Amino acid sequence: MYERQGALIESPMENVLDILQERGFIQEVSNPERLRELAGRQPITLYWGYDATADSLHAGSVLSLMMLSWFQRCGHRPIALAGGGTTLIGDPSGRISSRPMLTEEDIESNLRGIRPQLEHFLDFSGDRALALNNLDWLKPLHFIEFMRDIGTRFSINEILRLEAYRTRLEAGGMTFLELSYVLIQSYDFLHLNKSYDTVLQVGGSDQWGNSIMGADLIRRVTGGEAFVLVTPLVETSTGAKMGKSATGTVWLDPERTPPYEYYQWFRNIPDADVERFLSLFTYFPMEEVHRLGTAEGTAINQSKEILAHEATRIAHGQEAADGARDAALALFGGAEASESVPTVSIEREQLAKGVPVTELFKLAGLVSSANEARSLIAQGGLSLNGDAVTDARARIDEQALQQGGSIRLSRGRKRHMRVVAS
RNA sequence: GGAGGGGUACCCAAGCGGCCAAAGGGGGCUGACUGUAAAUCAGCUGCGCAAAGCUUCGGGGGUUCGAAUCCCUCCCCCUCCA
C-alpha cells in the first residue's frame, strides 16, 4: 500500500483524515465527523494559504505541505494559495507588531521564488493541485460593494474575541487595515468555495480564528458546508521552534539555506522527537516510524540520520540529500569538508599575507565579532582543521589549506564552514 | 485637544549624578559528560588584531570636572478625560 521512496499512494480505502490523525497533523477540526464522511465519499478540494513576505518558504511551512501532499495522495485536490493580496495588508496573527507592507512587485518576485518549492511536495500536473494567487480576485474588489456584501456579515465583537486579535489589542492595538484582515481571508475562502468548490481550509493553529470565520461566512452566504483543519505548532521537545536554528531561519530555498543545514536541523533533534518527526516529515508507514522512533542508544541516533536524509530528500531531492549526508559523515568523521558544506572564499593574496584567526572566523560567518571569537577561543570552542584554536592572536595563511584546497573551520562540534582560496 | 504614566542590551526588568559596559532573570552560545540526544555542572554573552581606547540606556541639544540618571526639545507607546 505504501511505497517507501515516495511514490504516489492511491488508496481509496483509506481516509485521509485517519492518516492525518494517526500521524499527528491534526490539532483541531471544525466538524470532524462530517468532514471525514465527506472525504471518505468523494474527492474534495481544500486550500492552504501561505504568506508572500519572503522569496522562500521556511521549514515551518513543511508541515502544511506534507499535509497537502497526503490529501493529494488520497485523491483530493489541494490548492496552494499565495497571499499576494493579503500580504499587501499584513496578517496580525501570531504577531506582536504588524508585518511590513510590501509592494506588488516584491510580492510578485517572492512568489516566483516559492513556486518551485511547492513542486517538491505537490504534483501540479493536470488538475491534481492548483497554485492560485488571491491578488487575482482581491484587487478588482470594490470597497462599497465589499462592505455591503461582506462587511455586514461580520461582528466586531466576534472578531475581537479571537485570540490573534486579542493579543494584538493587548500588545498595543492595531490599525483598521489589520482588523480587516479576517474579512479578506474569509472572502478568499468564500471565493474558492464558489469558484473551485473548496470546502476545507487547512493551516497552522494560529489560523484557526481567521479560518473559522471564513467557514462561517460561507455558511451565511451560500448555506453550504465548509470545514477548517489546523495543525499543531511544531516545536522540539526542548522548545525550539520548527525551522529555527542557531544560524537563523531554516529556509526551503537551497540558496538561502544549503540542504546540508536543512539536513543538520533534523539530524540534531532531541531523541524524544524522532518518532513524531518521522511521522510528520516523511512518508514512511507508521510501523516503520514507530520502529525507528522507539529505538534506543546508537539505534535512535541512526534513526535521526534516516529522518534527516528522508526529510531532505523530500524537500531538496535525492542528490542533495545524499550530498548532505555524505558531507556530514565526512565532517563528523574528521575528514576534510566536502563541497556540500557551506563554503566561503577568501582572496588568495589576502590569505598569503596571513589573516588573523578572529578575522577568518568572522569572514566565515561563524562569529559575529572578534570579541566573540576571542571568548570562544578562551573556552576552546573554535577549531581549525579539527584542532582547537588556542591563540587568539594567531594568523592563518595558505599553510592551513588542506589537500583539497580548503580550510575547515568549526564552532563547537556542530557548526562547520569550509573556506577556499580564490 | 487635556491630564497622567512610560520608552534601558535578544526579551523581561533594576538602576535615577561618579563605585555603570550598566544588577537580576529568561534566552542564546561554548566546555565537560555522551550518541551530532536529553538531563546535569561550569564558563561566556557591546565593539576593538584585549593595549590604551571606543560606542551604548528612544532622537537631538544643554547643565556639570563627570549624565542611563538633572534641564530643554522632538518622536513613539499606554491609561483616563473631551
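Note on naming: letters A, B, ... go to the chains in the order of the sequence lines (proteins, then strands), and numbering restarts at 1 for each one. Because only heavy atoms are used, hydrogens play no part in the values below, and waters and symmetry mates are left out as well, while side chains stay in. Everything numeric in this text was worked out from a predicted model, so none of it was measured.
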Exercise. Under the salt bridge (Lys or Arg N to Asp or Glu O under 4.0 Å) test, which residues partner A/Arg395, sequence neighbours left out?
Worked result: none

Exercise. Considering every strand shown, what is the Watson-Crick or G-U wobble mate of B/rG4 when both distances are under 3.5 Å?
Worked result: B/rC78

Problem set entry | Distance between P atoms of B/rC70 and B/rG5 (Å, rounded) | 13 Å

Exercise. NA contact type, A/Gln264, heavy-atom cut-off 4.0 Å: base, sugar-phosphate, or nothing?
Worked result: base

For this session: Cation-pi check, A/Arg267 to A/Phe332: give yes when NZ or CZ is under 6.0 Å from the six-membered ring centre and within 45° of the ring axis, no otherwise.
Result: no

Under 3.5 Å, which donor-acceptor pairs do the side chains of residues 377-386 of chain A form with other protein atoms, sequence neighbours left out?
unit_1: A/Gln379; atom_1: NE2; unit_2: A/Ser375; atom_2: O; d: 3.2
unit_1: A/Asn385; atom_1: OD1; unit_2: A/Arg408; atom_2: N; d: 2.8
unit_1: A/Asn385; atom_1: ND2; unit_2: A/Ala400; atom_2: O; d: 2.8

Exercise. According to the Watson-Crick and G-U wobble definitions, with both distances under 3.5 Å, which nucleotide is paired to B/rU55?
Worked result: none

Exercise. On a whole-Å scale, what distance lies between the C1' atoms belonging to B/rU73 and B/rG24?
Worked result: 34 Å

Problem set entry | Contact state string [nucleotides 43-49 of chain B, B base, S sugar-phosphate only, - no protein heavy atom under 4.0 Å] | BS--BBB

Exercise. Listed by chain and number, what are the ring-ring contact (aromatic ring centres under 6.0 Å, His included) partners of A/Phe154, not counting sequence neighbours?
Worked result: none

Exercise. In chain order, what residues pass the ring-ring contact (aromatic ring centres under 6.0 Å, His included) check against A/Tyr263, with sequence neighbours excluded?
Worked result: none

Exercise. Is A/Arg115 salt-bridged to A/Glu119, cutoff N-O under 4.0 Å?
Worked result: yes

Problem set entry | Integer angstrom distance from the C1' of B/rU36 to that of B/rC54 | 40 Å

Problem set entry | B/rA21 and B/rU55, which share atom name C1', separated by this distance in whole Å | 10 Å

Exercise. With sequence neighbours excluded, what pairs up with A/Asp18 under the salt bridge (Lys or Arg N to Asp or Glu O under 4.0 Å) test?
Worked result: A/Arg36

Exercise. On a whole-Å scale, what distance lies between the C1' atoms belonging to B/rG7 and B/rG59?
Worked result: 12 Å

For this session: Identify the nucleotide, in any strand shown, that forms a Watson-Crick or G-U wobble pair with B/rC20, with both distances under 3.5 Å; if there is none, say none.
Result: none

Exercise. Rounded to the nearest Å, what distance is computed from the CG atom of residue A/Leu366 to the P atom of nucleotide B/rG28?
Worked result: 19 Å

For this session: Searching all strands shown, indicate the nucleotide that pairs with B/rU40 (Watson-Crick or G-U wobble; both distances under 3.5 Å).
Result: B/rA32

Problem set entry | P spacing across the pair B/rU63 / B/rC29, given as an integer number of angstrom | 47 Å

Problem set entry | Pairwise P distance for B/rU79 and B/rA52, with rounding to whole Å | 49 Å

Exercise. Which nucleotide in the list B/rU36, B/rC29, B/rA38 gets nearest to the side chain of A/Arg411?
Worked result: B/rC29

Exercise. Between A/Ala392 and A/Arg325, which is nearer to the 5' end of RNA chain B once each is assigned its nearest nucleotide?
Worked result: A/Arg325

Seminar exercise, completed: B/rU63 -> Watson-Crick or G-U wobble partner, both distances under 3.5 Å, gives none

For this session: Looking at every strand, decide which applies to A/Leu382 at a 4.0 Å heavy-atom threshold: base, sugar-phosphate, or nothing.
Result: nothing

Problem set entry | Heavy-atom check, side chain of A/Val62 versus side chain of A/Tyr262, under 4.5 Å | yes

Problem set entry | Between P of B/rA37 and CZ of A/Arg267, the distance in whole Å | 8 Å

Problem set entry | Distance between C1' atoms of B/rG62 and B/rG15 (Å, rounded) | 23 Å

